[in-house]
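For the single chain, residues carry numbers from 1 onward in sequence order. Both backbone and side-chain heavy atoms feed into the values below; hydrogens, waters and symmetry mates do not.
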Amino acid sequence: MTSVLKWVFVLVFAAVISVTLLTVINNHKRELKWIPEDEKLTEITSASLLMTNSSIIAKLWKTTHRLSPNVRPQQYFIHLYPNLERGSFIGSVNITIILDTAQSYIKLHSKGLNIKETKLNSSPVSALPLLGHECLVVVPNAELSAGEHKLQISFEGSLLDKVAGFYRNSYNDTKSHEQHYIASSKFEPTYARLAFPCFDEPQLKSKFKISLTRPSGNNYIALSNMNQESEEINVPTNGLTTVHFANTVPMSTYLVCFIVGDYQSLEPVKADQGFPLTVYAKSGQTENMKYAQHLGLKTINYYVNYFGIQYPLPKLDLIPIQGFTAGAMENWGLVTFQETSVLYDESKSSIDDQEGIAHTVTHELAHMWFGNLVTMKWWNDIWLNEGFASYMKCKAMQVVHPDWDVDTSFPLHNLQPAQYLDSKLSSHAIVRNVSNPYQITEIFDGIAYSKGATVLRMLESLLGDQVFRIGVNAYLKRFAFNNAETDDLWTEIQTATNNTANVKKVMDTWTRQAGFPLVSAIRNGTKLTLKQQRFLSNPNTNSSNSSSPYNFKWEIPITYTTSNNNTVHKFWLSKDEETITIDIPDAEWIKLNHRQVGYYIINYSERDWCLLSNLLEKNVDALSAADRSNLIHDAFSLAKANYLPYDIALNMTKYLPMEHHYVPWEVAATNLQTLSEHLYQRPAHKNLEKYVQHLLGSIKEDIWNDSSNKNFIQRKFRAVILKLGCTYGLPSYQKEVYELFKRFLNDKIKPHPDISDTIYYYGMSMGNESEWNILWDIFLNEQDPQEKEKLRDALTASKETSILTRLLQLARNENHVSSQEYLRIILLINRHPFGTQFVWDFLRENWQNLADRFSLSDGQLGSLIPSVCSHFNTQERISEMNKFLNWYPEAVARKNGRQTAIGVVSNNIKWLKKHEAGINNWLINSI
């Protein structure tokens, strides 16, 4: 073949491959809704890229979402200038790269950026986007040898209107009424590429030298991960100042943070090791950051002591961001928060608000070690970040607030919500393979956070506090400033046990398969026989298609106590044994899963269930509050899944008038609410209301007493009881609530913060249009984020269709309600049964408008239809759903979403047929 023919062949082949590749990419784009329109790649661009060097054709053809492990960034020099008025930014990034082997091209991440110029080792080179992979391919003029190289890229971008990448928000000053703009970043998990071209994978750690250009006046500041080293007023004078920050330690791109805005700060406080902890807020809110600063200081000192590892940065900043939608983000050295997650005003904030702030701050600061210092190699191990932070925060909270009884509330906040998710066939293992950004975003869920925390708590209980701590500290020290995998953790903890326990063998059964066990416990005299099986909440589920490397069997640490004494007995139920029979003491009763530390559900014989419910009616303190809440949770979970008659579960609530701890009441309230949703507008619902009113009417505590002498548990108890009374229509509660509501509207006398949300909501549910109008005006003028959120929720409580219609019209104005909050308001209206019909009608009439305004990939929009329909329980409703979904098949976006949504309603119909009559009879006999 002549050389001319060879080149003709190469060009034709490249063109064919290019068109084929584009077809594949375009098909891929239709499947992956997260790819934006601004990442189009033309045929000419593709062809030119492929023809630039024919040797890379095959490599690009085989490319995946992952970057090459042989191309490693060592140092970034980043400069960004966000133009706050225009909503855009310009930037440059210089990256020192180490190539472990020779490379014909360099692939890194970039998404939505306009690349202006690219140089490699000071020479101009081509840099072209690779559609569908959110990547930029830099093609050198000749093959690159192994060793160090310099990549320089200048670019432009838009400050996005959603909380991802580098984005802009605004707020109006309450005094001057001037609009203030804020530019800030949120890069986890895969959004750093929206702000600057980078190697946006967690294992590709690097140092970052950052400079930000900000407006010079009006109290504008620039913040980043590290301390400010210097600043320069730009010359010629143009009203701008460039701030230079110190170089970072090695870290992942998702932890980088940029903030430019008008902020004030409190005087820094110094941690025990000497670095300053500073809190920021917008004008008028800095005093409301005092609690966060106090909490942060105690927490960081505790972690330094517990881990035996110094905090590795020279400063730590905490800052609330206007419009931030996530609870918080653990950027190293500069933690960002949603305003309601961190601002605390004792005169307005409730005990629930304070508890929520404590949960959030302690969680984020745990990340300074778990996630920031030691980072997972890939996102499949995200639980190493989130599970540990979710567990370690409980240790810190117990130190900061020892009177809060954090261990008793742990199952309420973590184990029980995790089991709700994990009991479904759609659940997944803690360690889960993911590849593209859409999959990565999905795994930030209750399995990673709450189940992760729960299995760590179980492991610590099994090994002991000291062994667990030694193993964890060894893990952090060994992998400091580096990356690790789940097995690395098990290795270090096993070493801490002196190899007396096979940690990996046990923990793999909990982290590498979905679900959790149901342990059946049959007692016969002094013999106890146990058997395990997977617990599934839907008894009609066909699980034959699901698989597990352990056949859904677990290594289960069993604990129990008996009526004889407080001794906690321990033994194993192995995955390799179908059943096990052990000798136990001769006792009146037995309670398994001490303090609900084990991640499993226990099903006793009906006789033993009755003994336990009778025990609590006679002596509420015979078992701990943790064990009491455990029994309620397990009984109702079993009844719903048809493992136990509802009579047994309902019997477990009879003792509640003597219950003095809020946690069992919270667990009972959650399960009674599920019954209420099933029975709404059925004859049995009225009897359920009467039964709950009967329970509450027997409580002796004065819940209307605003005494400041109440401790944390008493305050939480008061809040949950009042809300229950209003939910189930206790007349004396309703009357008092409406009076307090009118005092608030007319005389501006605010109710106690602990109960203000209940007063606002249920007061408005009994109110009229003129009262709603007053509440709307109060909402518009309220500046405190937490108080404003409570008022917003209350506006959705009206039972008048005309008022709810007006609310949704007014809420379209983003000066009143942010775009993110609009969908939240729809869900809030649907939260209570009287709003479901209204929301269902609204969605059917306005779906196309909502789809046009919000992306179909928006998580909240995607959850609307399944959420609204989840309480339906008639064939007529299924017909309505089918008709709607025929018109709008993408309204339920997830795979098999339509079948799942309709399946929920079908199961509700089956549930009523099976359980309604029996529950109604029990209620009639118990009122």
### Task
Could you list the residues that satisfy side chain to side chain contact (heavy atoms under 4.5 Å, CB included) with Pro557, not counting sequence neighbours?
Met458, Leu462, Trp510, Trp572

### Query
Got a sec, which residues hit ring pair (Phe, Tyr, Trp, His ring centres under 6.0 Å) with His752, two or more places apart in sequence or on another chain?
none

## Note on the structure
So the side-chain hydrogen bond (donor to acceptor under 3.5 Å, both in side chains) pairs with at least one residue in residues 588-602 (sequence neighbours excluded) are Asp407-Arg595, Thr408-Arg595, Gln416-Gln596, Asp422-Tyr599, Lys591-Asp627, Lys591-Asn630

### Message
Could you work out, with ring pair (Phe, Tyr, Trp, His ring centres under 6.0 Å) as the rule, every residue matching His694, not counting sequence neighbours?
### Response
none

### Query
With sequence neighbours left out, what residues match Glu355 under salt bridge (Lys or Arg N to Asp or Glu O under 4.0 Å)?
Lys716

### Query
Does a donor on one side chain and an acceptor on the other come within less than 3.5 Å for His660 and Gln714?
no

#### Entry: Within 45° cone and under 6.0 Å: Lys575 NZ/CZ vs Tyr550 ring
no

### Task
Please determine if Lys686 and Glu689 form a salt bridge, counting it only when a charged side-chain N lies under 4.0 Å from a carboxylate O.
yes

#### Entry: By salt bridge (Lys or Arg N to Asp or Glu O under 4.0 Å) - contacts of Lys790 (at least two apart)
Asp353

### Task
Just jot down the salt bridge (Lys or Arg N to Asp or Glu O under 4.0 Å) partners of Arg718, sequence neighbours excluded, or say none.
Asp706

### Contacts of type ring pair (Phe, Tyr, Trp, His ring centres under 6.0 Å), residue Tyr691, not counting sequence neighbours
Trp922

### Pair Thr727-Tyr762, side chain to side chain donor-acceptor pair (under 3.5 Å): steps then yes or no
CA-CA 8 Å; Thr727 301; Tyr762 288 97; 2.8 Å; yes

#### Entry: Where at least one partner belongs to residues 908-922, residue pairs that pass salt bridge (Lys or Arg N to Asp or Glu O under 4.0 Å), sequence neighbours excluded
Arg682-Glu916

### Message
Please determine whether side-chain contact (heavy atoms from CB on, under 4.5 Å) holds for the pair Thr529 and Asn524, giving the CA-CA distance in whole Å, both sets of side-chain angles, and the decisive distance to 0.1 Å.
### Response
CA-CA 8 Å; Thr529 299; Asn524 185 10; over 6 Å; no

### Query
Do any pairs count as a salt bridge (Lys or Arg N to Asp or Glu O under 4.0 Å) and have a residue in residues 649-667, sequence neighbours left out, and if so which ones?
Arg628-Glu659

## Note on the structure
For Asp576, the salt bridge (Lys or Arg N to Asp or Glu O under 4.0 Å) test, sequence neighbours excluded, returns none

### Task
Return the set of residues passing ring pair (Phe, Tyr, Trp, His ring centres under 6.0 Å) with His915 (not counting sequence neighbours), or none when no residue passes.
Tyr646, Trp911

### Query
Hey, what do you get for CG (Leu530) to CD1 (Ile582), rounding to the nearest 0.5 Å?
6.0 Å

### Pairwise distance CZ(Phe571) to CD1(Ile584) - rounded to 0.5 angstrom
8.5 Å

